[in-house]
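Everything on this sheet refers to the single structure shown next.
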Amino acid sequence: MKRRLLLIPFLILAIFLDCFVFPSLFRSGMRPLFVLSLALAATFATKVQDGILIAILGGLLTDLFVNPYVGLSAAAYLIAVCIAYGFTKKHESARLRALFGSFTAAVAAETVIFVFSLLIGARFDAYRLLRATLPSVILETLCVLPLRSALRAKEKDGSIHR
């Protein structure tokens with residue numbers, strides 16, 4: 001329970017960054033999804049249940065503030081957490097596993113959002129896809145390692161109990 005209480009300030013900060021800070025900083029359509037990065041970091045650092053909780057709750061709250069389709073981000077983040085969880089059982093380096101798993105999961109989440117936008121009638125623009133989505137995925141992936149380290153540090157000093 002203490003572990004999940006510690007994640008609440010991180011989640012509030014992530015929602016604030018996703019909904020109010022990043023859209024005003026990145027006008028080019030590129031928008032890193034900090035809630036997704038936090039959900040992936042929680043999946044790699046603590047337990048998969050924490051990642052699922054952050055993905056669903058953070059996705060729904062982000063959708064309420066920013067997106068007209070409530071539940072789309074939550075579904076995309078949940079798929080990403082499930083993919084990232086598959087990388088937690090491998091026998092490679094933990095850092096490399098987290099980096100590659102985060103990249104794969106972020107690509108999956110962005111793909112779900114992109115395909116849904118195509119299904120509802122958005123025009124396919126390959127240039128926009130490369131210009132906005134690929135840098136967003138890279139930024140989301142790069143955010144996972146420091147968040148994972150921060151969550152691991154809290155766990156080692158006794159703040160988070162498994």
Side-chain angles (χ1 to χ4, degrees), residues 4 7-90 96-148 150-151:
R4 289 193 178 132
L7 292 173
I8 291 173
F10 281 115
L11 181 61
I12 291 170
L13 178 66
I15 291 169
F16 176 75
L17 289 174
D18 273 357
C19 296
F20 304 111
V21 176
F22 286 152
S24 62
L25 286 179
F26 298 104
R27 296 280 181 195
S28 64
M30 178 185 72
R31 193 181 95 202
L33 303 171
F34 200 65
V35 173
L36 175 61
S37 297
L38 180 63
L40 295 175
T43 301
F44 285 113
T46 59
K47 290 186 174 183
V48 71
Q49 290 89 350
D50 296 337
I52 290 171
L53 182 69
I54 289 172
I56 292 173
L57 187 62
L60 287 174
L61 289 172
T62 302
D63 285 343
L64 285 175
F65 288 121
V66 177
N67 296 333
Y69 305 105
V70 176
L72 174 63
S73 295
Y77 299 168
L78 190 58
I79 290 170
V81 166
C82 291
I83 290 171
Y85 180 65
F87 284 93
T88 60
K89 301 297 181 193
K90 304 263 190 247
L96 178 66
R97 185 177 60 228
L99 192 64
F100 185 69
S102 299
F103 181 77
T104 306
V107 166
E110 293 283 353
T111 302
V112 167
I113 293 171
F114 184 73
V115 167
F116 181 78
S117 65
L118 288 177
L119 289 175
I120 61 170
R123 186 174 57 93
F124 178 74
D125 185 3
Y127 177 70
R128 183 180 182 280
L129 179 66
L130 289 177
R131 180 179 49 97
T133 305
L134 187 62
S136 296
V137 166
I138 292 170
L139 284 174
E140 292 157 11
T141 303
L142 292 177
C143 288
V144 169
L145 289 179
L147 285 170
R148 180 180 159 267
L151 291 173

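None of the values given here were measured: they were computed from a predicted structure.
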Notebook entry, point to check: Who passes side chain to side chain contact (heavy atoms under 4.5 Å, CB included) against Ala39, sequence neighbours left out?
Noted result: Ile54, Ala55, Val81
Next item on the list: For Ile83, enumerate each residue passing the side chain to side chain contact (heavy atoms under 4.5 Å, CB included) test, keeping only those at least two apart in sequence or located in another chain.
Entry: Ile79, Phe87, Thr104, Ala105, Ala108
Notebook entry, point to check: What residues, two or more places apart in sequence or in another chain, satisfy ring-ring contact (aromatic ring centres under 6.0 Å, His included) together with Phe103?
Noted result: none
Using residues 137-148 as the side-chain source, report each donor-acceptor pair under 3.5 Å to any protein atom, sequence neighbours left out, with the distance given to one decimal.
residue	atom	partner	partner atom	Å
Glu140	OE2	Leu33	N	3.1
Thr141	OG1	Val137	O	2.8

Extract all donor-acceptor atom pairs below 3.5 Å that involve side chains of residues 10-20 and protein atoms in other chains or at least two apart in sequence.
residue	atom	partner	partner atom	Å
Asp18	OD1	Phe34	N	2.7
Asp18	OD2	Phe34	N	3.2
Asp18	OD2	Val35	N	3.0

Item checked: Shortest non-hydrogen separation from Phe44 to Ser102 and the atoms involved -> CE1-OG, 3.5 Å
Margin query: Are more than 12 heavy atoms, taken from residues, nucleotides or ligands other than Tyr85, located less than 6.0 Å from that residue's OH atom?
Written below: no
Side-chain donor-acceptor contacts of residues 61-68 below 3.5 Å, not counting sequence neighbours, with atom names and distances?
residue	atom	partner	partner atom	Å
Thr62	OG1	Gly58	O	2.7
Asp63	OD1	Asn67	ND2	2.7
Asp63	OD1	Ser73	OG	2.7
Asp63	OD2	Gly71	N	2.8
Asp63	OD2	Leu72	N	3.1
Asp63	OD2	Ser73	N	3.1
Asn67	ND2	Ser73	OG	2.9

Next item on the list: Could you pull out the closest heavy-atom pair between Leu36 and Ala106, with the gap in Å?
Entry: CD2-CA, 4.0 Å
Notebook entry, point to check: Who pairs with Leu119 by side chain to side chain contact (heavy atoms under 4.5 Å, CB included), at least two apart in sequence or on another chain?
Noted result: Val115
